[in-house]
Amino acid sequence: MSEPRPPSNRVPSRSGRQAGGWLAGLGAVLLLTGAVWTGAWAWAWGLGSLALGAALGRARVREQRLRDQLAHRTEAIEALDLPLLILDRDDRLQWCSQAFLRLYPSAQGHVDLGTPYSDLAARVLGSGDLQLSAQERDSWLQRRAQTHQQHRLDWMLSTRDGRRLQMVERPTALGGWASLRFDVTELVAVQSELKRTNQQLREAREMLDEAVEALPAGFEIWGADDRLILCNQHVRDQYPVAGELLKPGVPFESVVRSLLEAGAIPSARGRERTWLLERLSQRGRSVRPFLLDYQGHWMSIAERRMPSGRLVSVRQDVTELVQARNAITQARELAEQRLHLLNQAINALPIALEIWEPSGKLLLVNQQYRQWYPDVDYDALIGKTFEDAIRVAQRQGMLPVEARANEEAWIAERVLTHGQRPEMLAHLPDGRWILTRESRTPDGFTFTVRQDLTQLMQQEQALQSSQAQIDAIIRTAGAAILTVGANGRVRFANPAAESLWGHGPGSLVGRRVLKLLQRHERQPLRELFRRHLAGQNVGLIGPRRELQARCPHGSERAIHAAISEVHSGTDHFFVSVVTDISAAKRLERDLLAANERLARLSSQDDLTQLANRRSLEEGLRQVWAHALRLQHPISILMVDVDHFKPYNDAHGHAAGDGALRQIARVLQAAARRGTDVVARYGGEEFVLVLDHCAPEAALERAASIRAELAELNLPHAAAPEGRITLSIGLCGGIPGRGMRASEWLARADAALYEAKKRGRDRVEVRQPAASPATPA
Ligand SMILES: Nc1nc2c(ncn2[C@@H]2O[C@H](COP(=O)(O)OP(=O)(O)OP(=O)(O)O)[C@@H](O)[C@H]2O)c(=O)[nH]1
């Protein structure tokens, strides 16, 4: 066994130490092998004494070689700087490395070959090189013996200077023990650091898991191959459709497909394939979160591809947020729309509007204002004071007319009372009338509203003029004008009305209007008013109606009353224009009588009161037309007094007139029907048109006329019969188309001529000309 070498100062590196550990093991094996060889060599030595000299030489060479090998192996172990003990089967020391002695300085000088390990251990334990309690020290050997029975010993020791040693003992093939110590101080430190780090990692992992679950959003991590690594419960809750699928390892595409198949993404319906391709192509590329509609929910999804290729996705149900945002957007749009409308309304106002800030600065003027004063740069006035604005008006000569007397005083007063003038009417130099109203809001803004009343003022003046004109007309009107309230009482009566009813000025006001009428007129008119006020259209309003007015002393006046109705605001009344038509009525009556007389004169013969010739023509035309239409017969008798000239000559013209009147009465008596016409045709000639009378009957009628006259026996001194006689021509029948009444009259006249020619005092008949042939 070689002497222990002093320990090397070189501190091996970590890898060197690991390699050293491995080499130490190898060295121990070689050492053990060497020990075996040593035993063999001793055995050979015994035999060698008996061997040949040559053999001895070779044996020495061989021994030397073995010694060298052993020395090499021992050197190798020492070079590895391993604290190694080799013990034999009796637990006695066989070899001890220098490294061991450096580890346990107390063993120095007590490591002789064959030293019992217990002695060595007792020395080391007693030296305090190791940190062991007294109890541990006592039980040390006993426990070591126990572990030896298990053929292995792994023991961790602590040295006084704080190093950690791992004591490893393994049985050798020769029954001994190799006892090795490793300085594992750094390893233990690394181990405990590793343990702490692992613990921290575990805690960090737990915290991360908790944090991921505690996130108020869905959180996913996908691998570079887009397979799920983890996701929290939120994701499963958000996507119950894909809940089963959401397990580590599932491809993203499978999850999306399942959502599409379930129709859970409304915006993808009908184009699922395209949608899927787009989704996959954009996967992780969007820098900003995007929105996805999912079963009536809006999900905000933020995806980020990490440098490792993994993809982190955070998804949040932002339905309420989107709805709120939409509501806000709608509200804002509505507000903007209303603001726009308000601006339009303000600009469309027919009034000029200014708004002044509480600080007194001009905030806004509307379009109307700008149109009123186009020469004023109001944009430049925005932000200026009220006095600035007045000064502009002053420079332009637009201060009101009433300010002329003392402009500075007027301006001072106006500035002082700005915002406190509820109403102010100003007459501008250009002729306009401007009504200004100022009001101040509770938060200090002043609203100035200006209204151009020029037209109104002109209308007012025109109205006043018109009113004066109407008053004059009403007061001087010949017609009576009454205003009557809905209660039926007179409100106003013009002088003509007061004159009509004979009362003094103002005496009609308040009287019941119906009392101004004759008693019999009141009830019907009251009823008309009642029904009109009940909403019935009874023609009360508008048409002129004739009434009988009751005038003082019971006198009666005919009046025309036209009633109109006025609804003016809440007022309701009637206006009646009454015309006294008493005089007109009298005139009308007189005119009627005159007209009747005139009519009679125009249609009657004055002497005989028979129809005159014009009237005959009209009567004949009507009888003819009627007969033609109904095809009944008529007859025309032409009658002439015989020898009338001699009669006049003999009896005088007056007697002739009397004779003619008597003859007329006879002829008139021959008429049977109302439609028969008896006319004086001229001089001593008469015509009878007998309706519904055939020629035969007419002939009889003519005969009866002659008989009647004969009965009268009007003396005629110059006539052959000594009395007046008549000659009559007759033409009758049923009128036909193409025939004319005048022709029948001419034929009757021809018949009369025939009667005269045949001696007079007779009747002659002429047939009407036949009707022209009518086409079949
Ligand atoms: N008294 C009177 N005579 C009238 C009136 N109209 C016409 N006469 C007269 O009647 C007479 C008609 O005479 P004539 O035409 O010659 O016919 P006549 O004497 O009747 O003879 P014949 O007709 O042929 O029989 C005239 O002398 C007229 O002056 C009249 O209104 N009054």
Side-chain angles (χ1 to χ4, degrees), residues 597-620 635-671 676-690 695 698-732 741-768:
R597 217 167 30 249
L598 194 63
R600 253 194 331 273
L601 286 173
S602 65
S603 63
Q604 278 187 348
D605 173 56
D606 254 357
L607 179 69
T608 60
Q609 307 299 309
L610 294 179
N612 61 13
R613 188 163 177 165
R614 194 181 64 78
S615 191
L616 164 70
E617 286 172 4
E618 175 61 22
L620 175 58
S635 293
I636 299 173
L637 300 179
M638 185 73 88
V639 180
D640 189 274
V641 184
D642 296 329
H643 310 295
F644 198 57
K645 184 175 181 309
Y647 185 88
N648 274 334
D649 293 344
H651 300 278
H653 196 84
D657 286 350
L660 288 174
R661 275 196 283 271
Q662 283 187 296
I663 294 166
R665 278 198 287 277
V666 170
L667 294 175
Q668 185 70 61
D676 288 351
V677 183
V678 181
R680 186 181 177 199
Y681 196 57
E684 84 291 15
E685 265 188 326
F686 300 88
V687 171
L688 278 79
V689 178
L690 303 174
L699 203 56
E700 286 176 15
R701 199 84 62 91
S704 69
I705 289 170
R706 289 181 57 234
E708 188 67 27
L709 193 66
E711 188 73 20
L712 276 178
N713 195 21
L714 299 173
H716 188 334
E721 289 83 5
R723 61 177 179 87
I724 291 175
T725 59
L726 299 173
S727 293
I728 301 173
L730 188 156
C731 179
S742 60
E743 189 191 327
W744 282 27
L745 198 62
R747 283 183 175 268
D749 193 33
L752 171 63
Y753 180 75
E754 187 68 23
K756 289 282 184 186
K757 211 167 80 176
R758 291 197 174 180
R760 297 179 176 81
D761 190 22
R762 66 186 66 236
V763 180
E764 287 298 330
V765 178
R766 273 284 177 94
Q767 297 297 323

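For ligands, and for the atoms within them, numbers begin at 1 and follow the listed sequence. Side-chain atoms are counted along with the backbone in the values below, which use heavy atoms only and exclude waters and symmetry mates. By convention here, the first residue in the shown sequence is residue 1.
- Relative to atom 5 (C) of ligand 1, the option among Glu684, His643, His653 with the closest non-hydrogen atom is His653.
- Using modelled atom types, one side-chain atom of Arg614 and one backbone atom of Ser602 make a donor-acceptor pair closer than 3.5 Å.
- Counting only heavy atoms of the protein, atom 10 (O) of ligand 1 lies nearest to Phe644 CD2, 3.4 Å.
- From the protein, the heavy atom lying nearest to atom 26 (C) of ligand 1 is Lys645 CB, 4.0 Å.
- The closest donor-acceptor contact from the side chain of Asp676 to the backbone of Leu688 lies at 3.5 Å or more, if one exists at all.
- Using 4.0 Å as the threshold, Arg680 has a heavy atom nearer than that to some atom of ligand 1.
- Distance alone, capped at 3.5 Å, places no donor-acceptor pair between the Thr608 side chain and the Arg661 backbone.
- With a 4.0 Å heavy-atom cut-off, ligand 1 is reached by the backbone of Asp657 and by its side chain too.
- Checked for salt-bridge contact, Lys756 and Asp642 meet the test: a charged N lies under 4.0 Å from a carboxylate O.
- If you number the atoms of ligand 1 from 1 as listed, the ones under 4.0 Å from a heavy atom of Gly656 come out as 1 (N).
- In the vicinity of Arg760, heavy-atom distances shorter than 4.0 Å reach the ligand 1 atoms 22 (P), 24 (O), 25 (O).
- In summary, Glu743 and Arg747 engage in a salt bridge, as defined by a charged side-chain N under 4.0 Å from a carboxylate O.
- For atom 6 (N) of ligand 1, the closest non-hydrogen atom of the protein is Gly683 CA, 3.6 Å.
- In this structure, the side chain of His716 does not engage the main chain of His651 through any donor-acceptor pair within 3.5 Å.
- With Arg701 contributing its side chain and Ala670 its backbone, the two residues share a donor-acceptor pair below 3.5 Å.
- Atom numbering of ligand 1 starts at 1 in the shown order; those under 4.0 Å from a heavy atom of Pro646 are 19 (O).
- Listed by atom number, the atoms of ligand 1 under 4.0 Å from Asp640 heavy atoms are 23 (O).
- For the residues Asn648, Asp605, Val641, the heavy atom positioned nearest atom 29 (O) of ligand 1 is part of Asn648.
- Under the salt bridge (Lys or Arg N to Asp or Glu O under 4.0 Å) criterion, Asp649 pairs with Lys645, sequence neighbours left out.
- For ligand 1, the polar-atom distance check finds no N/O of Asp642 at less than 3.5 Å from any of the ligand's N/O atoms.
- Taking a cut-off of under 4.0 Å to the non-hydrogen atoms of Lys756, the atoms of ligand 1 that pass are 22 (P), 23 (O), 25 (O).
- Under 4.0 angstrom from ligand 1, the non-hydrogen atoms of Leu660 all belong to its side chain.
- Between the side chain of Ser615 and the backbone N or O of Asn612 there is no donor-acceptor pair closer than 3.5 Å.
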